[in-house]
Structures are given as C-alpha cells and as structure tokens.
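Following: one structure in structure tokens, then a few remarks.
The structure presented is a predicted model; accordingly, all values stated were derived computationally and were not measured. Values below: every heavy atom of this structure, side chains too, minus hydrogens, waters and symmetry copies. Residue numbering restarts at 1 for every chain, and letters A, B, ... go by the order of the sequence lines.
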Amino acid sequence: MELLPNITIYHYVILSIVLFCIGAIGVMVRRNALIIFMCIELMLNAVNLLMVGFSRMWGDGKAQVFVFFIMAVAAAEVVIGLAILMMVYRNQETTDIDVLNKMKW
Amino acid sequence: MLQLMIFGGIGLLAMVSEVLGFSRIMSLLFRIGTLVCIGSLFINYGLDYTWFGNMMVEDRFSQAFILTACLMLATWTFGFGRKIGEDEFRNDYIALFSFSMVGGVMMLSYTNLVMLFLGLEILSIPLYVLVGSKKRNLKSNESAFKYFLMGAFASGVMLFGIAFLYGATGTFDLHQMSTKTITVLDYPIFFQLGMVLLIFAFAFKMGVVPFHYWAPDVYEGAPNPMTVYMASLVKTFAVASAFRFFLLVFGGEAGIYSTLLMGMSVLSMLVGNIMGAVQDNPKRLLAYSGIGHAGFMLIAVIVNGALGANALLYYSVVYSLSLFLAFFVLDKVLIHDDFYWSIGDFKGLSKRNPWLALSMTIALLSMAGIPPLGGFFAKLFVLKAAFEHGHGLLVFAGLLGSLIAMYYYLKFIISMYSRNPDSDVVPTLPLNYWDKMVMAFIGLTLLLLGLFPDLISVLIRF
C-alpha cells in the first residue's frame with residue numbers, strides 16, 4: 001500500500017540536497033564551533049535520508065545498514081571534535097573560531 | 001587481513017598496557033608487529049584472499065601497497081620512534097598510529113564503498129588526535145581543529161557521493177558497479193553527481209588544488225613526527241585508494257572524470273609550487289611542495305592500469321623517503337619556539353653540522369628530481385606514463401612545476417652552504433651515532449633507488 005503515491009525519489013533527492021547545502025553553507029559561514037559541529041551532523045543526516053530513500057527505491061536493505069555505520073562513525077567523530085574544542089577552549093577561553101588565526105598563507 | 005589483526009591487536013594492547021603493566025615493551029611490540037606484517041606479506045605475496053563477504057580483497061595491488069606502507073612505517077619508526085618514545089603518552093601514540101594503519105590497510109584493499117568509508121574514518125579519527133597532541137601549543141590546537149573540520153566535511157561529501165552512486169547503480173560493490181556502468185543507467189545524473197562528489201572528497205584527502213588550503217596549516221602546526229606521517233603515508237593511502245577506485249570501476253582512464261582529475265593535477269603542480277616559492281617557514285614550504293607532489297601522484301591515478309600503479313608505487317616510496325630525511329633534519333635544526341621558524345634558521349648549516357646539511361641536500365635534490373637520486377626516476381616514470389597515454393598537457397605542467405620547485409629547493413640549499421650562520425644561534429648541532437645511522441640509511445636508500453629503479457617495480461605485476 002502506497003501511503004503517498006505522489007512522492008517520487010526526486011523529492012527525497014531534492015530534500016537531501018537542500019539539507020546538505022544548509023549544512024555545508026553553515027560550516028563555511030558560522031563562526032561558533034558548536035554550530036559548525038551541528039552543521040556537520042546535518043550534512044551527515046542529509047546523507048542518511050538519501051541512503052534510506054535510495055534503499056526504498058531499489059528495494060534492498062544494504063544502504064540502511066550503511067546508515068547505521070554512518071551514525072556510529074559520526075558519533076565517534078563528534079567525540080573527537082568536542083575533545084579538540086575543549087582543548088581549544090581551555091587555552092583560549094572561547095569557542096569562536098576567529099581566534100584560530102595563528103597560521104595564514 | 002593479518003595486517004589488520006596485527007595492527008588492531010597492537011592498538012588494543014597499547015591502550016591497556018599502562019594498566020596491566022607492560023608499557024615498557026610496547027614500542028618493541030609495535031616494531032615486531034610491523035616486521036611480522038612485512039614478513040607475512042613477503043610469504044603470501046601474489047596469492048589472492050577475500051574477506052568479509054567479498055568486501056575486502058587482498059590482490060596484487062593492495063599487497064604491493066600494504067607492503068611498501070609497512071616498509072615506510074618501519075623506516076618512519078626507525079627515524080622518529082625515539083622522539084615519540086621520549087613522550088609521556090608514548091603508548092597512546094602507539095595505539096593511535098596502529099589504529100590509523102588499520103584504516104590505511106582497509107583503504108588499500110577495499111572492494112566495497114562501505115569499507116572505503118570505514119577505512120577513511122579509521123585512518124582519520126586517530127590523526128585528528130595526533131595532530132593536536134601538543135595540548136598547550138596554540139598552533140597545534142589550531143591545526144587539529146582545522147584538520148578535524150576539513151576531514152569531517154570531506155567525509156560528509158564522500159558519503160553524499162557514495163549515496164548517489166548507490167542510487168544510480170543499486171550496489172556498493174565496485175565490481176558490480178563496474179558492470180553496471182557499461183550498460184545504460186536508469187539515473188545517469190545521479191552517477192555523474194556521485195562521481196564528482198567522490199572525486200572532490202578524494203581531492204580533499206590528498207590535498208590537491210583547489211581543496212588544498214588545509215594542508216599547509218595542518219602540516220605547520222602538527223608535531224614533526226605526525227606531520228611527516230601525514231604527508232607521506234596518509235597521502236599515499238589517499239592517492240592509492242583513489243587509484244583503486246578508478247582501477248576497479250573503470251579499469252583504466254575514466255573519460256570525463258579523468259579530465260576533471262587532470263585539471264586538478266595541473267592546478268596543484270602549478271599552484272602548489274608557486275605558493276611554495278614564496279614561503280619562509282620550512283614546514284609550510286614542504287607542505288606546499290607536497291601539494292605539487294600530490295599533483296604528480298594524481299597523474300598516475302589518471303593514467304591508471306599497471307603503468308600507473310608502478311609509477312605511483314615508486315613515486316610514493318621515493319617521496320616518502322625524501323620527506324623522512326628532510327623532516328629528520330628539520331627536527332634537529334628547528335629547536336626554538338615554533339612561532340619564529342624560517343628558512344633563515346638553515347643559513348650556514350654546513351658550518352654548524354655538515355651531516356645535517358648533506359642530508360637535507362640529498363632530500364631536497366631527490367624531491368626536485370636530480371638524476372643520481374630516486375626522485376628523478378619517480379618523476380620520469382610518472383611523466384613517461386602520461387606521455388604514453390598522450391597527455392601532453394600533464395607532461396608540460398609537470399615539467400613546469402618541477403622547474404619552479406627547483407628554484408626554491410636550490411635557494412634552500414644555497415643558503416645552507418654559502419651563507420654564514422647568524423651570531424645568536426647555537427654554533428654546532430650535536431648528533432649521536434643513531435642519528436647519523438638513520439640519515440645514512442635513508443640517504444643511501446634514496447641513492448640506491450635512483451641507481452636501480454627496478455627494485456620497486458618488480459613488486460607489481462598485474
């Protein structure tokens with residue numbers, strides 16, 4: 001039974017691309033390190049949505065298993081990221097990434 | 001697979017070694033493990049193995065690259081192991097390096113995009129920690145943060161690409177994907193988008209223009225042993241995994257995608273070397289020259305096939321060895337506060353310690369590609385492969401890039417030999433026998449590789 005017969009794969013693709021772009025632009029323009037981490041998570045979740053959409057389209061579960069790997073890896077990555085951020089905060093007393101300007105060109 | 005188990009096991013042992021009280025023998029175990037890996041690869045060489053339900057295949061390509069990676073790791077331990085061993089966190093470093101080698105081995109033998117992603121992450125996550133391991137150093141903090149941000153962004157881009165490739169072909173397996181790409185795809189736009197995103201992600205990891213901007217900052221801020229590990233082994237892993245992807249999916253040149261790679265290669269050979277010529281910090285100079293070298297390695301990826309694999313293997317070995325030697329000297333000379341490092345610190349090095357000056361000269365001449373040393377044949381093989389496949393533009397850009405690189409390498413060498421040292425520096429730099437042995441070993445290996453260039457190329461025969 002199709003609950004939403006008018007939703008095609010392109011809807012999922014476009015939604016994922018929009019979410020991914022919001023995440024990517026957020027990483028580039030925001031100056032607060034915590035917001036940047038959230039934007040990276042948004043990018044990865046856009047990928048998860050796309051994986052599940054394609055998995056439904058092809059009718060197999062491979063991509064859904066991949067989604068679990070992505071979630072596990074994203075958790076590990078954010079642990080390291082927050083640890084690095086803590087280290088920066090202890091030395092600089094701020095989470096603003098504009099203080100990280102010791103090296104240029 | 002044995003390599004995966006050995007490095008994973010050493011990593012786990014190193015994590016518990018402080019608690020269980022065998023932390024003193026850990027560095028010895030790491031060295032023995034590396035040697036066992038090398039030995040097992042020599043014994044099983046040429047036999048194919050499949051693991052994890054066909055997700056990882058140990059074939060000739062992966063064996064050759066894992067073998068050279070283990071040999072390079074052994075050389076790296078030989079040169080920088082002592083510096084790591086003096087640190088109070090040495091066992092944590094051993095654990096992190098072992099885990100990142102696990103990721104590297106996975107990236108060299110994957111046949112499934114899941115394994116590529118997992119390998120990339122297992123390689124990268126320990127490196128984020130290693131780059132920031134000088135906790136009180138602001139530069140180290142900054143480079144760890146930048147590396148983490150760029151790495152996480154790149155893995156997001158890579159995953160997006162993998163998702164699109166899955167959408168276009170319905171599989172993560174590279175062999176099935178290869179058969180699908182021959183036939184007409186249902187959604188060709190997804191495949192194209194996925195390929196472009198995946199290439200961008202590989203370019204991020206390799207550090208080629210226009211995705212290179214993180215590399216100089218990260219290489220400058222990281223501690224020297226970590227920098228040289230990233231610039232040599234990790235770059236080799238990234239380039240070789242991109243090579244493997246194109247080899248398995250396209251079996252050679254990849255049409256329009258090769259053109260994209262060509263653009264990146266030309267840009268990195270030119271931009272990397274031009275930017276290198278205006279640097280004053282020696283670590284940044286080597287980082288920018290590394291971007292130029294990544295462009296060279298990318299030529300091997302474009303050409304692909306047996307010709308490209310041989311060229312890439314030889315190039316990565318010679319480049320890594322030159323880098324080991326250069327950084328070994330750098331580590332001995334730049335002993336003051338890292339905010340004031342400059343090429344000026346190398347002025348008159350031949351008067352302060354002729355051994356260091358000679359080693360640096362060998363390393364830089366090898367990178368520049370001067371004939372008796374290995375670097376000449378490395379560049380020759382790559383450019384010959386490009387020429388045989390009719391890529392005149394790549395050959396031209398490669399030669400032009402080498403010419404620009406020659407300028408700043410020679411500038412460096414001239415300042416070591418023909419200037420007098422500043423009056424306020426330490427007049428002589430002491431070296432013990434171990435240091436001299438390391439430099440003599442790496443320098444002679446570079447010379448040997450230049451005199452007998454067939455030593456490496458017997459490893460790969462497709």
Can a salt bridge be assigned to the pair B:D217 and B:K146 using a cut-off of 4.0 Å between side-chain N and carboxylate O?
yes

Ion pair present between B:K283 and B:E220, side-chain N to carboxylate O less than 4.0 angstrom?
no

side-chain contact (heavy atoms from CB on, under 4.5 Å), paired with A:F37, selected from A:N32, A:L82, A:V27:
A:L82

Name the region of B:V157, side chain, backbone, both or neither, that has any atom closer than 4.5 Å to a heavy atom of chain A.
both

Main-chain N/O of B:K135 paired with A:N91 side-chain donor or acceptor, under 3.5 Å:
yes

So which part of B:T169 gets closer than 4.5 Å to some heavy atom of chain A, the side chain, the backbone, both or neither?
backbone

When the ring planes of B:Y128 and B:Y147 are compared, do they come out parallel, tilted or perpendicular, using 30° and 60° as the limits?
perpendicular

Under 4.5 Å from a heavy atom of chain B, the part of A:I17 involved
both

Do the non-hydrogen side-chain atoms of A:I70 and A:M51 ever get within less than 4.5 Å of each other?
yes

Please state whether the rings of B:F148 and B:F145 are parallel, tilted or perpendicular, taking 30° and 60° as the class boundaries.
tilted

Under 4.5 Å from any heavy atom of chain B - which part of A:Y12
neither

Of the listed residues (A:V73, A:I36, A:V88), which shares the most heavy-atom pairs with chain B below a 4.5 Å separation?
A:V73

Could you report the tightest heavy-atom contact between A:D60 and A:K62, atom names first, then the distance?
OD2-CE, 3.1 Å

Name the region of B:T171, side chain, backbone, both or neither, that has any atom closer than 4.5 Å to a heavy atom of chain A.
both

Proximity breakdown for A:M87 and chain B, heavy-atom pairs closer than 4.5 Å
both

With a 4.5 angstrom heavy-atom cut-off, is it the side chain or the backbone of A:V13 that approaches chain B, or both, or neither?
side chain

Specify whether A:F20 and B:F160 have parallel, tilted or perpendicular ring planes, treating 30° as the upper limit for parallel and 60° as the lower limit for perpendicular.
parallel

Please work out whether the ring planes of B:F153 and B:F204 are parallel, tilted or perpendicular, with thresholds of 30° and 60°.
perpendicular

Okay, A:M28 and chain B: the region with an atom under 4.5 Å from a heavy atom over there is side chain

Parallel, tilted or perpendicular: which describes the rings of B:Y166 and B:F172, with under 30° parallel and over 60° perpendicular?
parallel

Answer with side chain, backbone, both or neither: which region of B:A168 has an atom nearer than 4.5 Å to a non-hydrogen atom of chain A?
backbone

Answer with yes or no whether the side chains of A:T8 and A:H11 bring together a donor and an acceptor at under 3.5 Å.
yes

Would you mind checking which part of B:Y213 comes under 4.5 Å of any heavy atom in chain A, side chain (CB onward), backbone (N, CA, C, O), both or neither?
neither

Within residues 115-122 of chain B, residues adjacent to chain A where the heavy-atom gap is under 4.5 Å
B:F117, B:L118, B:E121

Please determine, among A:A24, A:G53, A:C39, the option with the most heavy-atom pairs under 4.5 Å with chain B.
A:A24

